[in-house]
Amino acid sequence: MSNAPAPPRPYVSPRLGEVLALLPAAVSRFVEAEMVPNDEHWRQQKHVGHEIWRKAGAQGFLCTDLPAEYGGAGGDFRHEAVVYEETLRRGLSGFGQGVHSICAHYILNHGTEEQKQRFLPRMARGELVGAIAMTEPGAGSDLQGIRTRAERDGDDYVINGSKIFITNGYLAEVMIVVVKTDPAQGARGTSILLVETPNLPGYRVGRILDKMGMKAQDTSELFFEDVRVPAANLLGGREGQGFYQLMADLPYERLIVALGGVAAMEGALQATKEYVSQRKAFGRTVAEFQNTKFKLAEVATHTRIARVFIDRCIQDLLEGRLDTATASMAKYWITDTQQQMLDECVQLHGGYGYMNEYLVTRMFADARVQRIYGGTNEIMKELIARSLG
Ligand SMILES: Cc1cc2nc3c(=O)[nH]c(=O)nc-3n(C[C@H](O)[C@H](O)[C@H](O)COP(=O)(O)OP(=O)(O)OC[C@H]3O[C@@H](n4cnc5c(N)ncnc54)[C@H](O)[C@@H]3O)c2cc1C
């Protein structure tokens, strides 16, 4: 008789109740058929192209948590979470659905009724890929330092300036652009404009940036030279609301980054278990070494803690009580942990763990930026510290 303890009960996320039982399988089939076979090509060309966006929209997998009256699926964040998990546990970091959804949420939460009707149904169908353009060469963490200027001229705003590191920047067809409408007013002189980019005079996408990881993601520089947008594209219709609008949606954004971290750890753990059970050294499998067992035990434990925490955060979000400090804790702790765990998974792959054809290698490189974007982890600690009083 074996003395081995019974395997742990598989953790079933409490959010995946009966309503959601079929969604992961449907999304998984779509991802396997339409994304996995194209990922290598996408990484070579540095973007995923528009077609996959249209296909995901046609399947109803975009903007799943938008109300049906705006073209969404009428679901909630649990539905969104399924799509993030099915892509990111496979290391498919090129498809910037998180930023697309965040962009849609700015419009949903702060836009005028006319703006919601004009943009959201097309975003849900994947006809408009969304992006958020905040960061500039001279201002990232300290967004008060942005210089992109929008001046009112008749019925238009005229935008001049540049943005950098913009996720979905090359493919984006609608973007939230953070601008100064009154530079003398500091934060209160900041506004958000909705910019529809196709055939827009004066708008130019610069390089798709050459990054350490996320090779299929079209992170880009953007340039605005006397770009005219209708005054009706001012988010919410009132100047000076930009900072308030940005702050209000931060917990949602940080939850998405953290959830991606959990999904990556779960995918990496599975891939590493499979690898070490096949790889042989000194006449046995790598899985049989005590060090391997202990490392996998550590990765499994950290991954489970992260999963339980994120599920709790999702529940809080659904109940409208996810606060900024808790979302910041999730973003900081999970992404730091993600990087440590991915490092262990790479190590257990030996030299193959340094080769880009392996999932854990790509995930390791992708993980690094998780601690930087969405607000750096230092900024997260700043916010957590402030909440401690
Ligand atoms: C792949 C990628 C995708 C991105 N996608 C987008 C996007 O879609 N849209 C967008 O607008 N931006 C995007 N960004 C930009 C990202 O959000 C910024 O890079 C990030 O906020 C940090 O800004 P920064 O690069 O200017 O660094 P800085 O703000 O210059 O920070 C440099 C260092 O100083 C530290 N620091 C700054 N302030 C403090 C402080 N008060 N206390 C302690 N330490 C501090 C930072 O933590 C960091 O370690 C993306 C970046 C990358 C790399």
Side-chain angles (χ1 to χ4, degrees), residues 43 46-48 88 91-106 129-148 159 161-180 187 190-195 197 205-224 235 242-243 245-247 249-250 252-254 256-258 260-261 264 328 331-332 335-336 338-339 362-387:
R43 281 187 279 123
K46 295 185 178 172
H47 65 85
V48 302
L88 294 172
L92 297 165
S93 54
F95 186 64
Q97 188 219 347
V99 160
H100 181 80
S101 291
I102 294 165
C103 177
H105 271 253
Y106 276 112
V129 176
I132 310 163
M134 299 186 266
T135 307
E136 299 184 0
S141 303
D142 181 11
L143 278 179
Q144 297 209 26
I146 64 158
R147 301 170 74 116
T148 296
I159 309 175
S162 68
K163 299 286 178 181
I164 196 164
F165 305 145
I166 306 307
T167 300
N168 295 346
Y170 174 72
L171 295 172
E173 291 146 319
V174 60
M175 62 177 64
I176 296 277
V177 182
V178 182
V179 294
K180 281 273 164 72
T190 306
S191 304
I192 293 179
L193 284 170
L194 292 162
V195 177
T197 63
V205 180
R207 290 175 299 152
I208 298 183
L209 298 164
D210 183 18
K211 304 186 295 298
M212 177 193 294
M214 297 181 68
K215 297 286 188 185
Q217 169 47 232
D218 50 307
T219 316
S220 303
E221 291 176 299
L222 309 176
F223 299 96
F224 301 83
L235 185 67
F243 253 89
Q245 292 163 339
L246 288 174
M247 296 304 133
D249 282 28
L250 289 179
Y252 181 83
E253 295 181 33
R254 285 166 187 164
I256 290 174
V257 176
S328 304
K331 196 275 179 183
Y332 137 61
T335 60
D336 267 17
Q338 174 190 1
Q339 182 141 42
R362 301 194 298 273
M363 283 181 160
F364 176 75
D366 289 357
R368 187 63 187 86
V369 78
Q370 288 265 93
R371 298 168 55 204
I372 296 171
Y373 60 20
T376 67
N377 284 7
E378 291 72 36
I379 297 295
M380 296 304 105
K381 290 178 200 174
E382 184 68 36
L383 294 169
I384 297 161
R386 268 185 231 164
S387 77

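Counting starts at 1 for both ligands and their atoms, in listed order. Note that the structure is a prediction, hence the values are computed from the model and not measured.
There is a protein heavy atom closer than 4.0 angstrom to atom 37 (C) of ligand 1. Within 4.0 Å of atom 34 (O) of ligand 1, not a single protein heavy atom is present. Within the 4.0 Å cut-off (strictly below), a protein heavy atom is located near atom 7 (C) of ligand 1. For atom 3 (C) of ligand 1, the nearest protein heavy atom lies closer than 4.0 Å. Distance remark: protein heavy atom present below 4.0 angstrom from atom 44 (N) of ligand 1.
In terms of polar-atom proximity, defined here as any N/O pair under 3.5 Å, Tyr373 makes no such contact with ligand 1. Checked against a 3.5 angstrom limit, the closest N/O atoms of Val369 and ligand 1 fall outside it. The shortest N/O to N/O separation between Glu382 and ligand 1 does not fall below 3.5 Å. Taking any N or O of Thr219, backbone or side chain, none lies under 3.5 Å from an N or O belonging to ligand 1. Checked by distance only, ligand 1 and Gly375 stay at 3.5 Å or farther apart across all their nitrogen or oxygen atoms.
At a 4.0 Å heavy-atom cut-off, ligand 1 touches Thr167 through backbone and side chain alike.
Within the 4.5 Å cutoff, side-chain heavy atoms of Val178 are placed close to those of Lys163. By the 4.5 Å heavy-atom criterion applied to side chains, Lys180 and Ile146 are counted as neighbours.
For atom 12 (N) of ligand 1, the closest non-hydrogen atom on the protein side is Thr135 OG1, 2.7 Å. Here the heavy atom of the protein found nearest to atom 28 (P) of ligand 1 is Ser141 OG, 3.7 Å. For atom 9 (N) of ligand 1, the nearest protein heavy atom (residue, atom name, distance) is Ile132 O, 2.8 Å. The protein heavy atom nearest to atom 19 (O) of ligand 1 is Phe165 CD1, 3.8 Å. The protein atom (non-hydrogen) at minimum distance from atom 46 (C) of ligand 1 is Thr376 OG1, 3.7 Å. At the shortest separation from atom 41 (N) of ligand 1 among protein heavy atoms lies Ile379 CD1, 3.9 Å. Protein heavy atom in closest approach to atom 24 (P) of ligand 1: Gly140 CA, 3.9 Å. Among protein heavy atoms, atom 49 (O) of ligand 1 sits closest to Glu378 OE1, 3.5 Å.
Of the possible donor and acceptor atoms, one in the side chain of Arg254 sits under 3.5 Å from a partner among the backbone N and O of Gly374. Between the side chain of Asp218 and the main chain of Lys46, no donor-acceptor pair closer than 3.5 Å is present. In this structure, Lys381 contributes its side chain and Asn377 its backbone to no donor-acceptor pair below 3.5 Å.
In this structure Arg386 satisfies the salt bridge (charged side-chain N to carboxylate O under 4.0 Å, His left out) test together with Glu382, sequence neighbours excluded. Here Tyr252 pairs with Phe77, His105 under the ring-ring contact (aromatic ring centres under 6.0 Å, His included) rule; sequence neighbours left out.
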Check your understanding: Do Ile132 and Ile166 pass the side chain to side chain contact (heavy atoms under 4.5 Å, CB included) test, and can you show the C-alpha distance, the side-chain angles, and the key distance before you say yes or no?
Key -> CA-CA 7 Å; Ile132 310 163; Ile166 306 307; over 6 Å; no

